[in-house]
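Contents: one structure, followed by commentary.
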Amino acid sequence: MIRELKKNIYAVGVQDWDRRLFDELIPLPHGTSYNSYLIKGSQKTALVDSVDPAKYDELLANLAEHDVKNIDYLVCNHAEQDHSGSIGFLTEKFPQAVVVTNEKCQGFLMDLLRIPVGRFRAVKDGETLSLGDKTVEFILAPWVHWPETMFSYLREDQILFSGDFLGSHLATTDIFACNDTVLEGAKRYYAEIMMPFRPSIVKHLQKLDTMDIELIAPTHGPVYKKPFYIVDAYKDWSSENARNEVVIPWVSMHGSTEAMVKHLTEALVKKGIAVKPFNLTKTDIGELATSLVDAATVILATSTALVGPHPQGLYAAALVGALRPKTKFLGIIGSYGWGSKAVETIKSLLANLKAEVLEPVYIKGAPRKEDFEALDKLADAIFEKHKSLGLL
Ligand code: FEO
């Protein structure tokens, strides 16, 4: 399926309707797409990014449908294989094609795909590539996801090919979709993929403000006809502005931790604080990640298995620590049988967050009256902390 973005510029990528897991880690409830863009200049033809190698034949079919007999440049904005994975095949199909990317990305492609050095042209930040009547400018964007990521900007048509940045895991036939489903998908994508890199993202969003952009064409999901629809959303997500929300990932082996979560949830709700509890044995990890984007407070709630956190609690703590949300306050609650190092272990996994750790409520056995009172005190503390941020 080929879609025209503008005259002589086409989306030739592939929808992956059935894919349900990315990197063997990230659930994909709506599939995904691998967007690849063909630019036909008056003198040269470029393909910006390719597709997952499993979909190479579909990319070839799309190119054949458009009667593409020659590609001069294979532009690579990002080395991850869902976009770069077909470049090796394309260099064989189009022996004269030059792989155009930055030096760091070139190194990755040589390592990951064993593309020989002679096939590359390495570009620097701000360098341009002429296709005749069209000019591609390269904008290095390190750590907007990976260390080698970059954007390509088609000057005459004011199209920003943003790589994974600003994208969404969403398979759709509507190339210019612009609706709540796209925004939800983009937020989930931001949470799962981009959130760990907030400082770099803020910097690059500022750069976009200085550019004239008519279309943003990412490597996953629809193209944005209203660029600031997604840019403004990213500015909000990546800002320090937190919401009056508490996220509680929890796991309970025999009901004690669950009873604590229920009690704390009710106490917080009574105080006007929104709560999102996630039972880790059933939850969609993407939904949990999305909820972390805005919440002011995260409470990790876990039973002890042997002497450490239950593996699901361990996973949730590792996930929160890795995603580095804007969380301002952290709490740990739960229960143990004969002994526990769960609090220390969870604290260490969350040490890189710039969040204040509240007094844990970690108890032996089933919760008693005084334990529920301790949870009420924790709810009071969260209320006061949210109030201090002006969230209440
Ligand atoms: Fe869509 Fe980072 O790959």
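First listed ligand is number 1; within each ligand, the first listed atom is number 1. Computed from heavy atoms alone, side chains included, the values below leave out hydrogens, waters and symmetry copies.
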Are H220 and Y189, when compared by the centres of their aromatic rings, separated by less than 6.0 Å?
yes
Looking at D180, I'd like to know if its CG atom is crowded, meaning that more than 12 non-hydrogen atoms belonging to other residues, nucleotides or ligands lie closer than 6.0 Å.
no
Identify each donor-acceptor pair in which a side-chain atom of residues 382-392 lies under 3.5 Å from a protein atom, sequence neighbours left out, and give them as a table.
residue	atom	partner	partner atom	Å
K385	NZ	E356	OE1	3.3
K385	NZ	E356	OE2	2.8
H386	ND1	N244	OD1	2.8
H386	NE2	T297	OG1	2.7
S388	OG	K385	O	2.5

Could you tell me which N, O or S atom of H220 is nearest to atom 1 (Fe) of ligand 1?
NE2
Does the pair H169 and E192 meet the rule for a side chain to side chain donor-acceptor pair (under 3.5 Å), with working shown?
CA-CA 10 Å; H169 278 311; E192 293 167 330; 5.4 Å; no
Please list all pairs meeting side-chain hydrogen bond (donor to acceptor under 3.5 Å, both in side chains) that have one or both residues in residues 93-114, counting only residues at least two apart or in different chains.
N70-Q96
Which count of protein N, O or S atoms is obtained for distances strictly below 2.8 Å from atom 2 (Fe) of ligand 1?
4
Side-chain donor-acceptor pairs of residues 304-313 under 3.5 Å, sequence neighbours excluded:
residue	atom	partner	partner atom	Å
T304	OG1	S340	OG	2.7
T304	OG1	Y362	OH	2.9
H310	ND1	Q312	N	2.9

